[in-house]
Amino acid sequence: QVQLVESGGGLVQPGGSLRLSCAASGFALDYYAIGWFRQAPGKEREGVSCISSNNGITYYADSLKGRFTISRDNAKNTVYLQMSRLKPEDTAVYYCATDLVSYCSGSYRYNPPQANNWGQGTQVTVSS
């Protein structure tokens, strides 16, 4: 059974950092791309980042480049999202998802993004 579990969210002050984890079970992460998404209060879900299994090619939403970094540890079956210089507008529930394909699906860029397998999400709140 495919399962994704996010963790690492919490309350952080503006300018701070957090690292989110997406732990996969039921499949070997090595072969599949994983995307990160977020949904802020009152807004639609949006794509944040994605990492493919082929050479670990990464993609980011334009507004987040330079502040967020996605990485993977296949030995731990986990994908990470390192977030730095956080802003109040980064407040959202963050989700990871996969279509169980090796590349970052085009549907991740839909509005709202589409994927076949989602985690339950982890809350990130950026506030002083």
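Index from 1, following the sequence.
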Donor-acceptor pair, side chain of [X] and main chain of [Y], under 3.5 angstrom:
X      : Y      : value
Arg19  : Gly9   : no
Ser84  : Arg67  : yes
Ser52  : Tyr103 : no
Ser107 : Gln114 : yes
Asp73  : Ala75  : yes
Glu6   : Cys96  : yes
Asp99  : Ser105 : no
Arg85  : Pro14  : no

Quiz item: Cation-pi between Arg109 and Tyr59: NZ/CZ under 6.0 Å from ring centre and within 45° of the ring axis?
Solution: yes

Heavy atoms, side chains only, cut-off 4.5 Å: are [X] and [Y] in contact?
X      : Y      : answer
Thr98  : Phe27  : yes
Leu86  : Leu18  : yes
Val79  : Ile51  : yes
Tyr95  : Gln39  : yes
Leu100 : Asn116 : no
Val48  : Tyr60  : no

Quiz item: Applying the side chain to side chain contact (heavy atoms under 4.5 Å, CB included) test to Cys22, which of Ile34, Thr78, Asn77 qualifies?
Solution: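 Among Ile34, Thr78, Asn77, the one that satisfies the side chain to side chain contact (heavy atoms under 4.5 Å, CB included) with Cys22 is Ile34.
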
Give, for atom [atom1] of [X] and atom [atom2] of [Y], the distance between the pair rounded to the nearest 0.5 Å.
X     : Y     : atom1 : atom2 : value
Ser17 : Gln82 : OG    : CD    : 6.0 Å
Thr69 : Leu64 : OG1   : CG    : 10.5 Å
Ser25 : Gln3  : OG    : CD    : 4.0 Å

Quiz prompt | Hydrophobic cluster identity match, Ile70 and Ile57, side-chain contacts under 4.5 Å | solution = no

Quiz item: In terms of hydrophobic clustering (I, L, V, M, F, W, Y; side-chain heavy atoms under 4.5 Å; direct or indirect links), are Tyr32 and Leu81 co-clustered?
Solution: yes

Closest contact, heavy atoms only, [X] versus [Y]:
X      : Y      : value
Gly47  : Pro113 : N-CG, 4.0 Å
Met83  : Val124 : CE-CG2, 3.9 Å
Val5   : Gln120 : CA-OE1, 3.7 Å
Tyr108 : Phe37  : CG-CZ, 3.6 Å

Quiz item: Do any pairs count as a salt bridge (charged side-chain N to carboxylate O under 4.0 Å, His left out) and have a residue in residues 44-60, sequence neighbours left out, and if so which ones?
Solution: Arg38-Glu46

Quiz item: Yes or no on side-chain contact (heavy atoms from CB on, under 4.5 Å) for Tyr80 and Leu20, after CA distance, side-chain angles and deciding distance?
Solution: CA-CA 6 Å; Tyr80 302 99; Leu20 305 183; over 6 Å; no

